[in-house]
Amino acid sequence: AKGQIGENVCFYEPSMDESARARRKLASDLRQAIERNELELLYQPQCFIEGGKLSGYEALLRWHHPTRGLVSPVEFIPIAEEAGLILPIGEWVLRQACLEARRWDNDLRIAVNLSGIQLVQPDIAQTVTRVLLETGLTPRRLELEITETSIISDKARALHNLRQIKALGVAIAMDDFGTGYSSLDTLQSFPFDKIKIDKSFLLQSDSNAQAQAIIRAVLGLGQSLQIPVLAEGVETAGHLDLLVSEGCHEAQGYFLGRPGHAPSRLLAESSLSTG
Ligand code: C2E
Ligand code: CA
Ligand code: CA
Ligand code: CA
């Protein structure tokens, strides 16, 4: 219980202590999550705005915890990073995503999120090369999504590794654009193939003229730099209209499709049901 102030008792906050304990427990559970088959990738469609065709899918990680149920990556990815588990988990994600894309009967791209800790590993380009070879996926079908926050821990190393990865033919997208410390500086020093505008801008655009102005400005920036822009968080027809009228290149969001089960599984199911 809480000590009372003025009683010369240490101030004790059970909530902090409990959340630290909960994190330690999650970290130890996460250690076994791969072997126990508790991790799963969902796939969210990304679409070209002109013509409306699919351009690819983003792989999004889910953890089915044995007692807690579904745990959000927003919660467990930072724990995995802290506990030194992001390397095996990240490699598992990369391999599963490449294997999945390999099963599709098209040449759509698969986008995979890369943690900053993965990005600064001296052997990350070798890891990507090895996974591509092992899975047989053509490098140009792979895109790695990288946030600015993940670059800042060691910019020089991150840049070196990104160049090596790009030399393989793999594309690099800047994720969560607009939410970092100095997105513009990062944009000029890193060789990005795509900019993903963070979903917060589109989600606020209904009620907030500033958010709309920022979306316009980022689209203009992309045009000037000749980098295609994808907008995240398309939840309504109105969001899509805004992107169409502003000339955005690609879109992703619940209005276009929620993260879902592997497209190849759906393919298999539909061919089963049609006999
Ligand atoms: P992110 O990379 O920015 O991924 C987009 C997030 O927005 C996903 O959340 C997605 O489900 C959600 N989203 C998509 N469309 C909409 C929409 O229209 N409205 C709203 N409100 N949300 C939408 P999710 O799957 O919970 O992932 C959260 C974050 O966890 C990701 O953000 C990414 O930073 C991280 N993450 C997920 N999978 C991985 C992974 O395999 N590796 C690493 N390192 N991070 C991952
Ligand atoms: Ca992403
Ligand atoms: Ca985002
Ligand atoms: Ca994010």
Side-chain angles (χ1 to χ4, degrees), residues 30 33-34 38-47 55-64 70-101 109-121 124 127-128 131 142-151 153 158 171-180 183 192-206 211 215 218 229-240 242-243 250-262:
L30 195 51
I34 295 182
E38 293 165 5
L39 298 183
E40 180 189 32
L41 285 182
L42 296 184
Y43 299 86
Q44 186 176 32
Q46 302 180 327
C47 303
S55 59
Y57 288 91
E58 177 178 1
L60 292 161
L61 187 57
R62 297 291 179 267
W63 179 19
H64 301 273
L70 198 62
V71 185
S72 164
V74 175
E75 187 177 359
F76 74 80
I77 293 284
I79 292 176
E81 290 176 336
E82 217 172 88
L85 297 167
I86 196 65
L87 294 181
I89 290 176
E91 190 172 330
W92 181 89
V93 166
L94 187 63
R95 179 170 288 102
Q96 292 306 308
C98 290
L99 280 174
E100 170 59 27
R109 221 182 26 235
I110 181 76
V112 176
N113 292 285
L114 207 68
S115 154
I117 294 176
Q118 291 174 277
L119 183 63
V120 298
Q121 296 302 305
I124 182 65
T127 302
V128 173
V131 171
L142 178 63
E143 180 168 80
L144 298 176
E145 297 193 355
I146 286 153
T147 63
E148 180 178 26
T149 340
S150 76
I151 285 169
S153 76
I172 309 288
M174 184 178 189
D175 208 352
D176 295 351
F177 186 82
T179 61
S183 301
F192 290 109
D193 301 289
K194 183 185 288 180
I195 296 170
K196 294 189 78 177
I197 308 182
D198 190 68
K199 59 176 178 283
S200 58
F201 297 104
L202 210 45
L203 294 180
Q204 291 173 72
S205 67
D206 303 314
I215 292 169
V218 175
V229 177
L230 179 150
E232 297 182 333
V234 180
E235 289 192 351
T236 64
H239 292 156
L240 192 57
L242 175 70
L243 298 176
E250 282 180 59
Q252 179 179 352
Y254 297 161
F255 184 70
L256 299 163
R258 288 185 175 258
H261 286 108

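Order of listing sets the numbers, starting from 1, for every ligand and every atom in it. Computed from a prediction, not measured in an experiment: that's the story for all the values here.
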Nearest-0.5 Å distance, [atom1] of residue [X] to [atom2] of residue [Y]:
X: F76; Y: L70; atom1: CZ; atom2: CG; result: 8.5 Å
X: I89; Y: I77; atom1: CD1; atom2: CD1; result: 6.5 Å
X: L41; Y: H261; atom1: CG; atom2: NE2; result: 10.5 Å
X: E232; Y: Y254; atom1: CD; atom2: OH; result: 10.5 Å
X: I117; Y: I124; atom1: CD1; atom2: CD1; result: 11.5 Å

- Which is closest to atom 5 (C) of ligand 1 by heavy-atom distance: Q96, E81, K199? K199
- Sub-4.5 Å side-chain heavy-atom contact between F255 and L240: yes
- Query: Any side-chain heavy-atom pair from D175 and I146 closer than 4.5 angstrom?
  - Reply: no
- Do any N/O atoms on Q118 end up under 3.5 angstrom from N/O atoms on ligand 1? no
- Message: Please check whether Q252 reaches ligand 1 - meaning an N/O of the residue sits under 3.5 Å from an N/O of the ligand, judged on distance alone.
- Response: no
- Of all the N, O or S atoms in E58, which one sits nearest to the Ca ion (ligand 2)? OE2
- How is the N/O/S atom of D175 that comes nearest to the Ca ion (ligand 2) named? OD2
Numbering as shown, the atoms of ligand 1 that approach [X] to under 4.0 Å (heavy-atom distance):
X: P259; value: 11 (O)
X: Q44; value: 14 (C), 15 (N)
X: G233; value: 17 (C), 18 (O)
X: V74; value: 28 (C)
X: L203; value: 21 (N)
X: D176; value: 3 (O)
X: V93; value: 41 (O)

- Hey, does the side chain of D193 reach the backbone of I172 with a donor-acceptor pair shorter than 3.5 angstrom? yes
- Task: Please answer whether the main-chain N or O of S115 pairs with a side-chain N or O of Q118 as donor and acceptor at a distance below 3.5 Å.
- Result: yes
- Message: Checking contacts here: is it the side chain or the backbone of D175 that comes within 4.0 Å of ligand 1, counting heavy atoms only? Could be both or neither.
- Response: side chain
- Message: Residue-level breakdown please: for N113 versus ligand 1, do any non-hydrogen atoms fall below 4.0 Å on the side chain, on the backbone, on both, or on neither?
- Response: both
Contact between ligand 1 and [X] is defined here as a heavy atom of the residue under 4.0 Å from a ligand atom; is it met?
X: R62; answer: yes
X: E58; answer: yes
X: E232; answer: yes

- Query: OD1 (N113) to the Ca ion (ligand 2) to OE1 (E145): angle, nearest 10 degrees?
  - Reply: 90°
- Task: Using only N, O or S atoms, tell me which atom of D176 is closest to the Ca ion (ligand 3).
- Result: OD1
- Task: Return the name of the atom in D198, of element N, O or S, nearest to the Ca ion (ligand 3).
- Result: OD1
- Query: Do you know which of T127, V112, V131 makes side chain to side chain contact (heavy atoms under 4.5 Å, CB included) with R95?
  - Reply: V131
- Query: Is the Ca ion (ligand 2) less than 3.0 Å from at least one N/O/S atom of E232?
  - Reply: no
- Message: At less than 3.0 Å, would any N/O/S atom of T147, backbone or side chain, sit next to the Ca ion (ligand 2)?
- Response: no
- Check the pair E250, R109 against salt bridge (charged side-chain N to carboxylate O under 4.0 Å, His left out), reporting the backbone distance first and the verdict last. CA-CA 13 Å; E250 282 180 59; R109 221 182 26 235; 3.5 Å; yes
- Message: Salt bridge check, E38 against R62: does any charged N sit closer than 4.0 Å to a carboxylate O?
- Response: no
- So, Q252 versus K199: side-chain donor-acceptor pair below 3.5 Å or not? no
